[in-house]
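Below you'll find the structure, written out as structure tokens, and then a few comments.
Every heavy atom of this structure was used, including side-chain atoms; hydrogens, water molecules and symmetry mates were not.
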Amino acid sequence: QVQLVESGGGLVQAGDSLRVSCASSGRDFSLYWMGWFRQAPGKEREFVATVGRSGSSTYYADSVKGRFTISRDNAKNTVYLLMNSLKPEDTAVYYCAARRGLGPGTRDYNYDYWGQGTQVTVSS
């Protein structure tokens, strides 16, 4: 069983940067692809980014490409999402997820474990 706990969300202004973290308490963290998703009020949850087991492979949604960076530290069982040049439309609850399957996943049904989410609010 994998338990994921997000942290680092908050209220920032447009143009600011913020880093959210996700700590895993389960075993074999390095065997999972890790992903970040987000859900804005009244909208469906959407894919943001994913990182491979070693951290060398990353994929991003077009809406965040060039502004967000996903990374992981397998020694600390933690995955990060650094968000730069934040926009009001980035406001959402950000969820961390773990995937046992091979290769990247961009749909929420590709992932097996989920955190509770952390709120990120970007004011204009």
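- Using a 4.5 Å heavy-atom threshold, the side chains of Gln1 and Tyr113 count as touching.
- Asn77 CG to Arg72 CZ: the interatomic distance, rounded to the nearest 0.5 Å, is 9.0 Å.
- Residues that satisfy the side-chain contact (heavy atoms from CB on, under 4.5 Å) test with Thr118, not counting sequence neighbours, are Glu6, Val20, Tyr94.
- When all heavy atoms of Leu102 and Arg53 are compared, the pair lying nearest together is CD2-NH2, 3.4 Å.
- More than 12 heavy atoms of other residues, nucleotides or ligands sit less than 6.0 Å from atom CD of Gln119.
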Output a table of donor-acceptor pairs, distance under 3.5 Å, between side-chain atoms of residues 82-92 and any protein atom two or more places apart or on a different chain; print 'none' if there are none.
residue	atom	partner	partner atom	Å
Asn84	OD1	Ser17	OG	2.7
Asp90	OD1	Arg38	NH1	2.9
Asp90	OD1	Arg67	NH2	3.0
Asp90	OD2	Arg67	NH1	2.8
Asp90	OD2	Arg67	NH2	3.4
Asp90	OD2	Lys87	N	2.8
Thr91	OG1	Pro88	O	2.9
Thr91	OG1	Val122	N	2.9
Thr91	OG1	Val122	O	3.4

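- Applying the salt bridge (charged side-chain N to carboxylate O under 4.0 Å, His left out) criterion to Asp16, with sequence neighbours excluded, gives no partner residue.
- Looking at every heavy atom in both residues, Ser21 comes nearest to Thr78 through CB-CG2, 4.3 Å.
- Within the 4.5 Å cutoff, the side chain of Tyr111 has heavy atoms near those of the Thr50 side chain.
- Looking at heavy atoms from C-beta onward, Tyr59 lies out of side-chain contact with Thr106 at the 4.5 angstrom threshold.
- Residues Leu18 and Phe68 share a hydrophobic cluster, clusters being chains of Ile/Leu/Val/Met/Phe/Trp/Tyr side chains in contact below 4.5 Å.
- Residues Val12 and Trp36 share a single hydrophobic cluster, defined by chaining ILVMFWY side chains whose heavy atoms lie under 4.5 Å apart.
- Closest non-hydrogen pair, Ala98 versus Met34, comes out as CB-SD, 3.6 Å.
- In this structure, Val64 is a member of the same hydrophobic cluster as Val51, with clusters built from ILVMFWY side-chain heavy atoms closer than 4.5 Å.
- Contact detail for Tyr60 and Phe47: the closest heavy-atom pair is C-CE2, 3.8 Å.
- Listed by first then second residue, pairs satisfying side chain to side chain donor-acceptor pair (under 3.5 Å) with a partner in residues 26-35 number zero, not counting sequence neighbours.
- Heavy-atom minimum distance, Arg45 versus Phe37: CG-CB, 3.8 Å.
- Linking ILVMFWY residues whenever their side-chain heavy atoms come closer than 4.5 Å, directly or via other members, places Leu81 and Leu4 in the same cluster.
- Sorted by first then second residue, the disulfide (SG to SG under 2.5 Å) pairs that include residues 9-124, not counting sequence neighbours, are Cys22-Cys96.
- Val93 and Val79 end up in different hydrophobic clusters when Ile, Leu, Val, Met, Phe, Trp and Tyr side chains are linked at under 4.5 Å.
- Taking the salt bridge (charged side-chain N to carboxylate O under 4.0 Å, His left out) definition, one finds that Arg100 meets it with Asp112, sequence neighbours left out.
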